[in-house]
Engineer: 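Just passing along the structure, written as structure tokens.
Chain letters run A, B, ... following the sequence lines, proteins first and then strands; every chain starts at 1.
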Amino acid sequence: MRRRSTLALSALAACALLVSACSSSSTTTETSAAATPAAPAESAAPAASEPAATDLAGQSLTISNWAGYYPEDLATQVEAAIGVPLTISNHATNEEIIAKLTAGGDSGIDVAFVSGQYAQALNEAGLLAPIDPAKVPNLANLYPEATQLAFDPGNAFSVPYAWGTTGICYRSDVIDEPTSWNDILQPSAENKGKVTQMTTERWLALPALKALGYSINTTDDAEIAKAKDLLVASKPGLLAYDDTTFYSRLVSGEANAVVAWDGWCNYGTAENPDIKFTIPKEGSDLWADTMVILNTSQNVDAAHAFINFILDPASHAWVAENILYKVPNKAAMDVQAVKDLNASFPNMGLTPTDLLKQEVIVDLGADSVKYTDLATEVTSS
Amino acid sequence: MTVTTGSGRGAARRRALIGRAAFAGPGLVYVTAFMTVPLLLIACYTVLTRGRFGGVSWEFTLDNFAKAINPTYLSILGDSLVIAAITTALALILGYPTAYGISRLPRQWRTVALVLVVLPFWSNFLIRTYAWIVLLNSQGPLNGALVSLGVIGAPLDLLYNRGAVVTGLLYAYLPLVVLPVYAAIERVDPQLQEAARNLGASKARTFWDITLPLTLPGAMIGAIFVFVPSMGNFVVPELLGGGKTVMVGNLIRDQFLEARNWPFGAVLALSVVAFLVMLFALQALVSRRINRGGARA
């Protein structure tokens, strides 16, 4: 028994070393995970690189955000506003940052940008520090609805950065407005081979689940099986699975209608005003991208100050104006320049009430494997 | 006297061994560190349980192997085999004559031709794959030209199917057949071919009986070079196949990067490695038989 656990521990240390080596990015300063060979769920003692400070002097911040999801001069802005040097690391997907944060040891990241359901999972894994509202007075700028999202009511461990929904982005000059997810799943003759669906498992399942009247968070095997059958049957009418370039397919005319996130549809609209966004009548999801503070952070005060800076109407309005995603910040959405966007990008005008009609997507824990199996079976059929 | 000679010979042998170790050492260490260790890690992951938040939890299980023999996954493996095999066959059919043609060029043009063959490698693989999307999509220049010339009435579906996947893989790996085949053709002793001609064999007969058998090992190496990466490629099926064709590379990538199911990904990865090792062994066996046959002739 003793020998087995020693063996397991050394194998674990080797795995942790490998994982940390694989996930370390050039911009973050990684501390060796081998020094703290703990299971991912238990957070390890961080290697103290800097003494804890109560005021922000001497603190520094490392954040990880999606590439292109923040102003290019964010580091300069933050340093000017709160006097803390900021290092920005980029991730491409939620899974990428989750892998980094759960690899064990200190990832070196103070604040991470992740989608709500991932924040929920990270919190359940005990990796997040609580948000202290006293240190983030700008939380008052959030829409009340945005403070009560199902994955974290009361913003105990996450603060929303952007939010929106998933719908159909289409060429209004080529086809009539789609009204149902079935317009994608069972395309009419003119749209056959000219629609795309998303490939990320939860969003791959969404149109079928909603078309069948199920919850997007269902874990019922029979419901998931029915959704799978519907998705398999929809394949012959499909151009491709795509969740990165769907809007350019509309611009080029390759596709007539695509499953799209509202913000990304706007990128198509920016190039061709005939590209429009609609939420099918069966409803959809409400997703939110959030900011979380890691409990390994040595710079918790600076991390709070950073979040407070983002929630400032001026900096948060920048996100809405330039990324064309709605931000859950009333003060920022009330900025005239943001309101002016509604004319060209109608989905920027969706209100919190509109969004809350949709179902908040939450983490499914062990049951998420059901969606992986669904995705594999559908795409390989 | 004898003893002294023996030890002297032993010392020389030791020196030679140290010299060899000095040369081979860095490479061996590199291979050991970056090939063997990860492979062992993968092997140990296969019997562990999926961690909810990625990684693995330390509970022994054989379920991952049971899951792998599910028909869904077996059919993905089968599809990958078929796609890789078709790609390899086409690469040989196109690549062998190319290599042969290059070897018959005047010496100064051979280098130029070989540089042209590897030229695509100088630019990024992803960009070249995207270029195929631009070229082949329904609104692209190829369809546009064919439609405006009246050859076809409506744009053809050239993308997002198996044909597009094979096209992309073939494009990516064709040079890997041309180079070893060219090297093998260059190594053939021209005197053998001359002798055959002098003894009255036709050009075709000379090629068939002399050149082809002697260059088959090179062609087989080329075939392996194409088959192995084709089998594991996940970029081409995703981009040119539109995600509608799933190959084993996609499946493994998804287990690690999307599904957070590392143990199952490890089982799949290990199965592919085991399969390819068997393929290599087979190739070595056949090559040796061909070489022996050549020596006897």
Engineer: Quick check for you: among A/Thr199, A/Thr376, A/Ile98, which has the greatest number of heavy-atom pairs under 4.5 Å with chain B?
Structural biologist: A/Thr376
Engineer: For A/Thr200, is it the side chain, the backbone, both, or neither that has a heavy atom closer than 4.5 Å to a heavy atom of chain B?
Structural biologist: both
Engineer: Considering all heavy atoms of both residues, which atom of A/Glu95 and which atom of B/Leu257 are nearest to each other, and what is their separation?
Structural biologist: CB-O, 2.7 Å
Engineer: Could you tell me the separation between the CD atom of A/Glu377 and the CD1 atom of B/Ile76, rounded to the nearest 0.5 Å?
Structural biologist: 9.0 Å
Engineer: Taking all non-hydrogen atoms of both residues, which atom of B/Gly243 and which atom of A/Tyr241 are closest, and how far apart?
Structural biologist: O-CD1, 3.4 Å
Engineer: Heavy-atom distances under 4.5 Å only: say whether A/Gln197 touches chain B with side chain, backbone, both or neither.
Structural biologist: neither
Engineer: Please classify the contact of B/Tyr130 with chain A as side chain, backbone, both or neither, using a heavy-atom distance under 4.5 Å.
Structural biologist: side chain
Engineer: Distance check, rounded to the nearest 0.5 Å: A/Asp373 atom CG versus B/Asn261 atom CG?
Structural biologist: 8.5 Å
Engineer: Measure across B/Ser138 and A/Glu254 and return the closest heavy-atom pair with its distance rounded to 0.1 Å.
Structural biologist: OG-CG, 3.7 Å
Engineer: Is a side-chain N or O of B/Lys244 found less than 3.5 angstrom from the main chain of A/Lys235, in a donor-acceptor match?
Structural biologist: no
Engineer: Between A/Ala366 and chain B, with a heavy-atom cut-off of 4.5 Å, which part of the residue counts as in contact: side chain, backbone, both or neither?
Structural biologist: backbone
Engineer: Pair B/Phe264, A/Val369 - check side chain to side chain contact (heavy atoms under 4.5 Å, CB included), show working.
Structural biologist: CA-CA 11 Å; B/Phe264 185 53; A/Val369 87; over 6 Å; no
Engineer: Could you look at A/Tyr118 and say if it's the side chain, the backbone, both or neither that has a heavy atom under 4.5 Å from chain B?
Structural biologist: side chain
Engineer: Can you confirm whether B/Lys67 is buried at NZ, in the sense that more than 12 heavy atoms of other residues, nucleotides or ligands lie under 6.0 Å from that atom?
Structural biologist: yes
Engineer: I need the B/Asp254 CG to A/Glu201 CD distance, nearest 0.5 Å.
Structural biologist: 7.5 Å
Engineer: Given side chains that start at C-beta, do those of A/Ser380 and B/Asp79 come closer than 4.5 Å, heavy atoms only?
Structural biologist: no
Engineer: Answer yes or no: are there more than 12 heavy-atom neighbours, outside B/Phe23 itself, under 6.0 Å from its atom CZ?
Structural biologist: no
Engineer: When rounded to the nearest 0.5 angstrom, what is the spacing between OG1 in A/Thr379 and CG in B/Asn250?
Structural biologist: 8.0 Å
Engineer: Tell me, out of A/Thr372, A/Asp363, A/Leu239, A/Asp242, who's got the most heavy-atom pairs with chain B below 4.5 Å.
Structural biologist: A/Leu239
